[in-house]
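Heads up: the structure comes next, in structure tokens.
Values below: every heavy atom of this structure, side chains too, minus hydrogens, waters and symmetry copies. All ligand and atom numbering here is 1-based and tracks the order in the structure.
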Amino acid sequence: MTFAASDPLSNPTFLESLPVAIYTCDKDGYITSFNQAAKNLWGREPEIGKDRFVGWWKAFQSDGSPITPETSPMSRALRERVPSSGEEIIIETPAGDKRIVLPYASPLFDAEGKLSGGANTLLDITDQKSGESKQALLAAIIESSDDVIISKTLKGIITSWNRSAEKLFGYKEEEVLGKHISILIPPDRLAEEDLIIGKVSCGQSLDHFETIRVTKTGEPKQISLTVSPVKDKHGKIIGASKIARDITKQKLAEEQLQRYANSLKILNTIGRAISEDLDVQGILQKVTDATTKLTGAQFGAFFYNTVNEQGEALMLYTLSGAPREAFEKFGMPRNTAVFHATFSGQGIVRVDDITKDERYGKSAPHYGMPKGHLPVVSYLAVPVFSKDGTVIGGLFFGHQDAGIFTEEHEHLVNGVAAQAAVALDNAKLYEEIKVLNSKKDEFIGMASHELKTPVTSINGYLQILERSVPDEDRNKSYIVKARQQVGKLSTLISDLLDVSKIQTGKLPFNYVQFDLVTTLKEVVDVMRQSNSSHTINLNLDPDELIIVADQQRIEQVVINLISNAVKYAPGSEVVNVYAGIKGRTAKVSVQDFGIGIEKDQQDRIFSRFYRVESLASHMSGLGIGLYISHEIIARHNGKLWVASKPGEGSTFTFEIPVEQPSNI
Ligand code: ADP
């Protein structure tokens with residue numbers, strides 16, 4: 001500390017140790033002494049005998065207007081000879097640090113009462129001020145927060161209550177201060193409070209705890225609660241603060257979303273499941289099960305809209321949620337006043353309590369629900385319409401409690417019913433097609449059988465005629481041609497008969513042992529005679545290939561493959577036939593250099609009546625040769641396949657075991 005020689009405050013240790021800034025001036029205002037705290041506050045050291053009234057660098061009134069040394073409290077005290085009471089000013093250091101200060105400047109007088117100088121104490125209240133404003137800010141935040149903020153003692157006594165708490169729970173602050181927090185807790189959740197206080201007492205917090213609290217009017221509110229311990233300045237836990245957020249709406253939205261997601265999932269599954277199903281019973285069972293689940297019904301049923309000899313009656317078809325016996329003992333339900341609306345296609349019927357409905361209890365013989373019937377109070381019935389507008393049937397749902405079914409359920413069931421109707425129409429069509437198909441198969445079988453006898457006798461007569469007519473007769477060639485055509489016709493009829501026999505599982509096989517090489521040579525010879533347009537090469541690996549198979553059927557396959565190779569290779573000249581053996585498997589290939597087959601058609605050409613679309617119009621054929629060949633090879637435990645490139649040609653290959661397991 002620096003002192004002027006005549007300074008009255010001559011105890012340096014005392015002043016130096018003061019935590020408060022203090023300095024003195026002579027009667028003209030020149031600074032005569034100052035302590036360390038003053039130096040710290042000013043951030044500078046004044047020059048003795050030069051700085052007047054003040055040691056600071058800059059100072060301002062609390063409204064921001066600057067204070068000059070002449071307008072400073074010290075100047076005023078010396079001028080007016082009265083102490084200045086501490087009015088808040090702001091002192092700025094050369095480094096820019098600002099402090100809030102209360103100056104207490106007093107004039108000093110000597111023994112004769114003459115002004116000898118002045119002393120000024122500068123009280124730094126910056127920290128205290130910021131604490132106060134922080135608290136005021138916090139209080140304002142709490143008060144205006146959208147969240148409910150409550151504090152309570154460790155005994156659960158409410159000590160503060162903000163505006164949002166008032167809004168959510170309906171109690172005014174004065175109504176709840178001093179009351180126990182349990183006024184907000186539903187009786188079945190009172191134990192929660194012990195748990196919360198237990199945690200808080202150990203210094204732990206509870207984060208986003210979802211629970212229910214009740215308002216002044218008893219309305220339950222879903223809230224998310226965060227509870228934290230409140231400590232005093234010594235760190236002792238003295239209570240708890242609770243921040244609660246009303247999540248009732250959020251929860252409702254979540255529940256609704258969950259419900260929608262579930263419904264969507266069920267709808268999706270049901271949509272896919274029924275569109276894949278072509279069985280009426282299967283479709284209806286799936287629809288009944290899914291809609292019963294969707295509506296939360298205790299049981300659901302689908303009734304067909306059928307009419308029996310006695311008049312109108314409904315047929316129970318599928319049931320979900322209850323055993324069939326629960327309904328069967330009552331006989332067929334009649335088209336009562338309640339049911340009528342659905343089956344006459346008037347629309348959906350949804351009733352919160354069907355027993356109070358005016359249509360209820362009017363119809364014989366039961367006049368209401370038969371005794372022992374599953375109790376139905378909530379009732380929902382949705383008609384299922386066919387594409388042509390007729391009512392196929394209805395979906396019915398029941399629940400023993402009232403008011404279970406909502407408009408949302410109506411929409412959901414209606415959506416499923418519409419999908420079901422399409423699936424049912426499809427299933428019906430499929431059934432009809434199946435019936436027609438089997439009729440067609442029956443017809444092909446019968447017609448080919450009926451045709452075979454006259455064609456065989458025509459062939460016989462032509463043979464006799466051919467033999468009886470001398471070679472030089474010019475009519476002989478006509479007879480030969482007629483016989484060739486009848487031969488073709490006979491092959492066609494045989495093929496058709498084979499198809500029919502395959503369908504009924506009655507294609508006979510006669511396994512014998514023979515040499516495949518000899519057979520191939522004979523077949524190729526015959527084919528060469530009737531197909532002069534192509535050179536048919538035969539490449540045989542072994543000289544002999546003894547197999548056990550149906551010789552005629554294997555011949556039939558080879559003839560069919562070579563005929564196709566010639567027929568579908570009009571521009572080329574060569575057909576190659578290979579035969580070989582690989583282990584215990586015989587392998588035969590027929591290769592052509594014709595039009596080839598697109599990849600996506602290659603599997604399909606083995607199906608019944610299938611022909612490649614682009615060829616069907618200008619190349620004759622019935623699309624059954626490969627189907628029969630495939631079946632013959634499969635029945636020999638072998639396989640037939642094609643490798644082909646459009647424009648380059650095709651190779652059909654079959655493999656069969658040299659011995660047939662059942663015939664060894
Ligand atoms: P079809 O020859 O009487 O039509 P197939 O069952 O023998 O009946 O053959 C089915 C279909 O496969 C034919 O319509 C044709 O489109 C195709 N196909 C069969 N063989 C060949 C081949 N060698 N080259 C190209 N396409 C062929």
Using only heavy-atom distances, determine whether the side chains of Lys452 and Ser494 contain a donor-acceptor pair under 3.5 Å.
-> yes
Establish, from distance only, whether the side-chain atoms of Asn437 and Lys434 form a donor-acceptor pair under 3.5 Å.
-> no
With ring centroids as reference points, do Tyr304 and Phe302 lie under 6.0 angstrom apart?
-> yes
Does the gap between the ring centers of Phe396 and Phe405 come in under 6.0 Å?
-> no
Going by the order shown, which atoms of ligand 1 are within less than 4.0 Å of some heavy atom of [X]?
X: Ile624; value: 6 (O), 8 (O)
X: Gly621; value: 3 (O)
X: Arg611; value: 1 (P), 4 (O), 14 (O)
X: Val612; value: 14 (O), 16 (O)

Could you tell me whether [X] approaches ligand 1 through its side chain, its backbone, both or neither, with non-hydrogen atoms closer than 4.0 Å?
X: Lys567; answer: side chain
X: Phe652; answer: side chain
X: Asp592; answer: side chain
X: Asn564; answer: both

CD (Gln552) with more than 12 external heavy atoms under 6.0 Å | no
N/O of Ile605 under 3.5 Å from N/O of ligand 1, yes or no?
-> no
Ligand 1 and Gly625, any nitrogen or oxygen pair closer than 3.5 angstrom?
-> yes
Side chain to side chain donor-acceptor pair (under 3.5 Å) pairs touching residues 527-541, sequence neighbours excluded, are Asn537-Asn576
Ring pair (Phe, Tyr, Trp, His ring centres under 6.0 Å) partners of Phe606, counting only residues at least two apart = His630
Is the closest heavy atom of Gly594 to ligand 1 under 4.0 Å?
-> no
Is it true that Tyr610 lies under 4.0 Å from ligand 1, counting heavy atoms only?
-> yes
Could you check which of Ile597, Val590, Ile562, Leu561 puts a non-hydrogen atom nearest to atom 26 (N) of ligand 1?
-> Ile597
What distance do Tyr379 atom OH and Phe397 atom CZ have between them, rounded to the nearest 0.5 Å?
-> 11.0 Å
